[in-house]
Number of protein chains: 2
Amino acid sequence: MTSSNKPALPVIRRLPKYYRYLINMQQAGEKNVSSSELSRMMGTTASQVRQDFNCFGGFGQQGIGYKVDTLVTEIRHLLFGDGQPLPTILVGAGRLGTAVSQFLVRDANGYSLLAAFDNNPELVGKTLGGIPIRHVDELRSFCSQYHPQVAVLCLPREGATQLSSTLVEMGVKGFWNFSHYDLSVDYPQVMVENVHLGDSLMSLGYHMRNL
Amino acid sequence: MTSSNKPALPVIRRLPKYYRYLINMQQAGEKNVSSSELSRMMGTTASQVRQDFNCFGGFGQQGIGYKVDTLVTEIRHLLFGDGQPLPTILVGAGRLGTAVSQFLVRDANGYSLLAAFDNNPELVGKTLGGIPIRHVDELRSFCSQYHPQVAVLCLPREGATQLSSTLVEMGVKGFWNFSHYDLSVDYPQVMVENVHLGDSLMSLGYHMRNL
DNA sequence: CCATATTTGTCAAATGTTTGTCAAAGACAT
DNA sequence: ATGTCTTTGACAAACATTTGACAAATATGG
């Protein structure tokens, strides 16, 4: 039990990666892990691993290392809180939306998908792996009844900005944005995670052509 | 025409974003743009914009600013080279693979999707927006005939690591990796862009629960 | 033609992040 | 018990990135 500084952004972005590796170790039955061992797996330095864990109040033991179970529990708590899943909606049920919703339901933890919305009449009424697709016109009434916390945006850039205002107004606190648009809401206490597949691909292109 | 340093990684990751904004400006018919104007759109400082462009040999003019067309041309050249699209294959034609291939074909530039591969016999023989799905057993022979440069990986983590070795062996120079696995090949001159949707989602969760 | 306003390119200062180092703590073998 | 080995936590040094400041260049208006 030591001092804990406020964690920097890069540290937080590394947490999911730690978590993935630690879950694997746990499933492999490993009990303890040292910072150097973890650093080798993660492709970083032991120093960084120790400093990262220290941000959250170092939970290691000199001479032994870290208990895998402790780390998993602590990091899970940081990432998922008390385990209560965040009520979530999907806006845009096209191909990308379908794939993302599958991912959310099958592979992700900490979120529960309540409903999907689209403005295409052909999609409305169908289901998405058990989740009904509604018309976007129902969005407001749905929100005032079920109070979703998170919205996953998989729609064309045109609609995104105005829709996000509405959703913030209706109490949405976090956006996972796949639309081709840099979403940034002006309200504090509202988080946005932009996923730009196009940017990612362009970066790859740059590196391939310039190295 | 001024001195140009080797660009740092953060600069390169900003290029696609500049590009997006500049394309919009171009379509809106704007001729010139100042660093301060761009910085306001991008949510950064004018200083950073100027310094970023300078890495590639500043192409602005004092008193006026930057020509939008020049910037677009220069950045496009950095990102897409001479415009020759990179021959690309998709491995894993499930839901995610389908969505990603759609994105690649419809919304992305600089890549041409030659073929898709899967080990599910039910998918083999079908097409993916005009692209035929083949069995992974044909991968080697396909590569030796068509020499794809880029592989998009949308398969479960189990297969990914071994498959990537094979692909590197067959001459693939870049990976766009969606599999639940930190791909890192040990060969220099091979680039990997890992897209971890799960990590992105966990980051969002952290910020929502700890702020 | 000159004064003023704008804007870049450059450099240095400030800030943020990572890495190296070492004392202190615990485990383990003898 | 004692000495040796391992490993953490803490701190400082090294490194990287961003920001601020200003001279030089160009445009504009009188």
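The figures that follow rest on heavy atoms only: side chains count, while hydrogens, waters and symmetry mates do not. We name chains A, B, ... by the order of the sequence lines, and we start the count at 1 in each one.
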Could you tell me how far apart [X] ([atom1]) and [N] ([atom2]) are, to the nearest whole angstrom?
X: A/F56; N: D/dG9; atom1: CZ; atom2: P; value: 14 Å
X: B/L9; N: D/dC15; atom1: CG; atom2: C1'; value: 15 Å
X: B/L71; N: C/dT8; atom1: CG; atom2: C1'; value: 12 Å

Determine: side-chain N/O of [X] to OP1/OP2 of [N], distance under 4.0 Å, yes or no.
X: A/Y66; N: D/dG9; value: yes
X: B/S35; N: C/dT8; value: yes
X: A/N54; N: D/dT8; value: no
X: B/R50; N: C/dG9; value: no
X: A/S47; N: C/dT18; value: no
X: B/Q48; N: D/dT18; value: yes

Query raised in the report: Toward the 5' end of DNA chain D, which comes first, A/Q51 or A/I64, by nearest nucleotide?
Result: A/I64
Query raised in the report: Toward the 5' end of DNA chain C, which comes first, A/T45 or A/Q61, by nearest nucleotide?
Result: A/T45
Query raised in the report: Taking atom types as they are modelled, is there a donor-acceptor pair under 3.5 Å from the base of D/dT8 to the side chain of A/Q62?
Result: yes
Query raised in the report: Under 4.5 Å between any side-chain heavy atoms of B/T88 and B/W176, yes or no?
Result: no
Query raised in the report: Is there side-chain contact between B/L163 and B/L139, with at least one heavy-atom pair below 4.5 Å?
Result: yes
**Report entry** B/D199: which of A/R13, A/R20, A/R14 passes salt bridge (Lys or Arg N to Asp or Glu O under 4.0 Å)
**Finding:** A/R20
Query raised in the report: Which of parallel (below 30°), tilted (30 to 60°) and perpendicular (above 60°) describes A/F59 and A/F53?
Result: tilted
